[in-house]
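Below: one structure, written as structure tokens.
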Amino acid sequence: MKKIKEILADPKTEVFLVAVLLLGGIFIRAFHFGIIPVGVHQDEAMAAVDAMALADYGTDRYGMRYPVHFTAWRGSQMSVLLSYCMVPFIRILGFSTVSIRLPMLLASCLGLLALYIFARQTAGTKLALVCLLLGVICPWHYMQSRWSFDCNLFPHVFLAGICLLAAGLRKKGLLYLSMVFFGLCSYCYGVANYSVPLFLLGMAIWLLCRKALKGREILLCVGIYFLVALPEFLTMLINVLGMDSIETPFFTIPFFPNEMRAKDILFVQFSWEQLRKNIVSTFTTVWWNGDKSITNTIVKFGPTYYLTNIFFALGLIVVIQKIRKAGDTLQKLPYAALLGWLLMGIWVGILTKEVTINRINIIFYPVLVTAGVGILWCIRKCWLAAFPIAGIYGILALMFASNYFGEWAEVSRYYYYEPYLNALNYIKEQPVDYYYIAPDPQGEGVNMVGQILTMYSHEMDAHYYQGISNIQDGREVLPYLERYCFLDVTEEILAENEAAGKSVAYLVKPPQAALFSEEKYDICSFYDAFYVMILK
């Protein structure tokens, strides 16, 4: 045991172990990258199409110049930072599933390094290695790293801010830099606007009470944070007041005529029943079986493995004890930040309507660190406990990987629209003038999903979409509104197009497939979920 402690205390050993764990984490996240998940989710397609428009013209797909918040679904907006991160990858590598998913892969791998750094700041090398290992094998962390959902950038940017904050009492420059990252959180996800300021307020009060920071230093931090986040806060303000968009030489602060997504916040439409549902969904989503959505959770394992809940409970007791004990503020700060971070995550869950994994993703890093504290406590009480703990987590990690690349990959293809995208890719190659496309691929009443997936699959030029140009794929074609029709085909439409002699590719669902005769049409099936019909 003494030799093991001496080996672990060697800085070279620490560097070696960190490198091995990070490389292992990067490898399993990059394995079959861009292939699994199979297909593309509608929200990442939306972010990608706007990123392509930014790369080409410095606007979103609607023509708004460098917006600080995307119009997205018109009645349901989207944060911008992830799309801006996609721009250099699209310019260098071209537009593809790999290039649009690389920013999240990179952010997630850097998040693992930041997780190690923060855990080391909290309680040294041993906790850092435990937390890094938990992060590498964590189902939530693994799943969100392999596709591009705008809100999943939030926990990684916030974690960077936490690391800099924890180091900022020694080096004030890092303290002020942390405020930049906390400000950038507002461009990752809307919940940051009503959670990050409360976290910073709590930390400021705690640090002032312990005389760790002076009033002028706090004021400078406030100034930096609000300077970075100001355009996003102004976006909320002008939409509440109904003011016009604000255009500056560098960016646009947009007004959205079709209201912002305020209905998801509890106190906008408060009810005690909704509060009860929010509390229940917060705890079941984080500490039980997740939100049961295929894109976010494999229910068999939960977001962080069910075993982690036991160590989280133990770790939370230890964290509270560490904060209550008298001691140096520098030593207490990481624990105080960790507890504040957990409380912030619970606040997000309670305030946000029936949260999902992605809506409460800010809580999972502190859950992992707190569980790491619990695991380390157990090992210190009985060092032999390290072997069964490591063994069980190892088995869970192997089972999860097997499920992710096997059963889950097969099921998830329908939730990432692979059959629909294959059909779209097929009709793109056909020499036709018109496309009639089933608009709602999952039958949930969201017709714009078909449009955005078509724009993604056909790599649609933003100026073509806006009607500024009729050039698409390097050739002149019919205007967008004439060429693309998003509707379910009827007998009347089919007869009218045949009578007019139109050259059409039809992408239809099974109920509409019965309208087409095999004698007259070439029929191509995609998993029997969608059909492409082209007149012979």
Side-chain angles (χ1 to χ4, degrees), residues 34-49 73 95-97 100-101 147-148 293-295 407-460 465 472-473 477-478 480-498 502-536:
I35 300 173
I36 298 176
V38 184
V40 173
H41 188 269
Q42 70 263 29
D43 284 320
E44 66 177 331
M46 178 84 72
V49 168
W73 303 99
F95 188 78
S96 69
T97 304
I100 66 140
R101 286 179 173 174
W147 65 295
S148 286
S293 69
I294 292 294
T295 54
E407 180 184 340
W408 182 88
E410 286 302 311
V411 173
S412 68
R413 68 173 69 245
Y414 297 97
Y415 293 86
Y416 285 87
Y417 302 100
E418 193 217 6
Y420 191 74
L421 287 164
N422 285 347
L424 286 170
N425 292 334
Y426 178 77
I427 65 172
K428 179 185 176 183
E429 302 303 322
Q430 304 308 309
V432 297
D433 296 323
Y434 299 91
Y435 301 114
Y436 278 70
I437 299 171
D440 185 13
Q442 285 192 349
E444 297 177 349
V446 186
N447 290 342
M448 202 173 181
V449 170
Q451 183 187 100
I452 199 64
L453 291 174
T454 300
M455 294 182 72
Y456 177 86
S457 170
H458 291 205
E459 298 181 30
M460 195 170 293
Y465 174 69
Q472 173 69 4
D473 297 326
V477 294
L478 291 167
Y480 170 76
L481 292 176
E482 291 183 33
R483 193 177 194 214
Y484 289 87
C485 300
F486 295 93
L487 47 77
D488 289 317
V489 177
T490 63
E491 286 188 55
E492 292 75 17
I493 291 173
L494 193 58
E496 182 182 325
N497 288 342
E498 288 180 0
K502 286 185 176 181
S503 174
V504 184
Y506 298 93
L507 194 168
V508 301
K509 300 174 186 176
Q512 285 75 44
L515 299 174
F516 296 84
S517 165
E518 291 186 12
E519 289 76 26
K520 295 171 65 177
Y521 287 86
D522 288 322
I523 300 174
C524 187
S525 172
F526 296 86
Y527 294 94
D528 293 326
F530 298 97
Y531 296 84
V532 171
M533 314 293 192
I534 299 174
L535 193 64
K536 291 181 179 178

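Please read all numbers here as calculations on a predicted model, not as lab measurements.
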Open item on the list: Side chains of Asn425 and Ser457 only: does a donor on one sit below 3.5 Å from an acceptor on the other?
Closed with: yes
Open item on the list: List the residues meeting salt bridge (Lys or Arg N to Asp or Glu O under 4.0 Å) with Glu459, not counting sequence neighbours, and say none if there are none.
Closed with: none
Open item on the list: Using 0.5 Å steps for rounding, measure from the CG atom of Asp522 to the NZ atom of Lys536.
Closed with: 5.5 Å
- [ ] Please list, chain by chain and in numerical order, all residues satisfying side-chain hydrogen bond (donor to acceptor under 3.5 Å, both in side chains) with Tyr426, sequence neighbours excluded.
- [x] none
- [ ] For Arg101 and Ile36, work out which heavy atoms get closest and say how close.
- [x] NH1-C, 4.4 Å
Task: Validation row: Tyr417, Leu424 side chains within 4.5 angstrom (heavy atoms) - done: no
TODO: Specify the closest pair of heavy atoms between Gln430 and Ile534, including all atoms of both residues, with the distance to one decimal.
DONE: CG-CD1, 3.3 Å
Open item on the list: Could you check whether any side-chain N or O of Trp408 sits under 3.5 Å from a backbone N or O of Pro37, counting only pairs where one atom can act as donor and the other as acceptor?
Closed with: no
Task: pair Tyr484-Met455: side-chain heavy atoms closer than 4.5 Å - done: no
Open item on the list: Would you say that Gln472 contacts Tyr480 through its side chain, given a criterion of any heavy-atom pair below 4.5 Å between the two side chains?
Closed with: no
TODO: Identify the two heavy atoms, one from Leu478 and one from Asp433, that lie closest to each other, and give their separation to 0.1 Å.
DONE: CD1-O, 3.7 Å
- [ ] Taking side-chain hydrogen bond (donor to acceptor under 3.5 Å, both in side chains) as the test, write out the residues that go with Glu519, two or more places apart.
- [x] Ser517
Open item on the list: Is it the case that the side chain of Lys509 and the backbone of Gln442 share a donor-acceptor pair, with hydrogens and angles ignored and the cut-off at 3.5 Å?
Closed with: no
- [ ] Evaluate the side-chain proximity of Leu535 to Val504: yes if any heavy-atom separation is below 4.5 Å, no if none is.
- [x] no
- [ ] Please work out which of the three classes, parallel, tilted or perpendicular, describes the rings of Tyr506 and Tyr436, given edges at 30° and 60°.
- [x] tilted
Open item on the list: For Phe516 and Tyr521, take the angle between the two ring planes, folded into 0 to 90°, and tell me which bin it lands in: parallel under 30, tilted 30 to 60, perpendicular over 60.
Closed with: perpendicular
TODO: Rounded to the nearest 0.5 Å, what's the gap from CD on Glu498 to NZ on Lys520? Could you check?
DONE: 3.5 Å
Open item on the list: For a 4.5 angstrom cut-off between non-hydrogen side-chain atoms, does Ile427 reach Val432?
Closed with: no
- [ ] For Ile100 and Phe95, run side-chain contact (heavy atoms from CB on, under 4.5 Å): C-alpha distance rounded to whole Å, both residues' side-chain angles, the deciding distance at 0.1 Å, then the answer.
- [x] CA-CA 7 Å; Ile100 66 140; Phe95 188 78; 4.1 Å; yes
Task: CA sep, side-chain torsions, deciding dist, call: Met460, Val49, side-chain contact (heavy atoms from CB on, under 4.5 Å) - done: CA-CA 8 Å; Met460 195 170 293; Val49 168; over 6 Å; no
TODO: Grab the two heavy atoms, one from Pro510 and one from Ala529, that are nearest each other, plus how far apart they are.
DONE: CD-O, 3.1 Å
Open item on the list: Measuring only between side-chain heavy atoms, which start at C-beta, is Thr295 closer than 4.5 Å to Ser412?
Closed with: no
Task: Phe530: ring-ring contact (aromatic ring centres under 6.0 Å, His included) partners, not counting sequence neighbours - done: Tyr420
TODO: Enter the distance from Glu44:CD to Leu453:CG here, rounded to the nearest 0.5 Å.
DONE: 9.5 Å
Open item on the list: To the closest 0.5 Å, what do you measure between CD (Gln451) and CE (Met46)?
Closed with: 8.5 Å
- [ ] Mind running side-chain contact (heavy atoms from CB on, under 4.5 Å) on Leu507 and Thr454 for me, showing each step along the way?
- [x] CA-CA 11 Å; Leu507 194 168; Thr454 300; over 6 Å; no
Open item on the list: Nearest 0.5 angstrom please: Ile493 CD1 to Lys502 NZ, how far?
Closed with: 9.5 Å
Open item on the list: To the closest 0.5 Å, what do you measure between OH (Tyr527) and OH (Tyr414)?
Closed with: 6.5 Å
Task: Side-chain heavy atoms of Leu515 within contact of Val508, under 4.5 Å - done: no
Task: Any donor-acceptor N or O pair under 3.5 Å, side chains His458, Tyr435 - done: no
TODO: Not counting sequence neighbours, which residues clear side-chain hydrogen bond (donor to acceptor under 3.5 Å, both in side chains) with Ser293? List them please.
DONE: Asp291, Asn296
Task: Results of side chain to side chain contact (heavy atoms under 4.5 Å, CB included) for Glu496 - residues two or more places apart only - done: none
- [ ] Work out which heavy atom in Thr97 is nearest to a heavy atom in Gly39; give both atom names and the distance.
- [x] CG2-O, 4.5 Å
Task: Closest heavy-atom pair and its distance - His41, Tyr415 - done: CD2-O, 4.2 Å
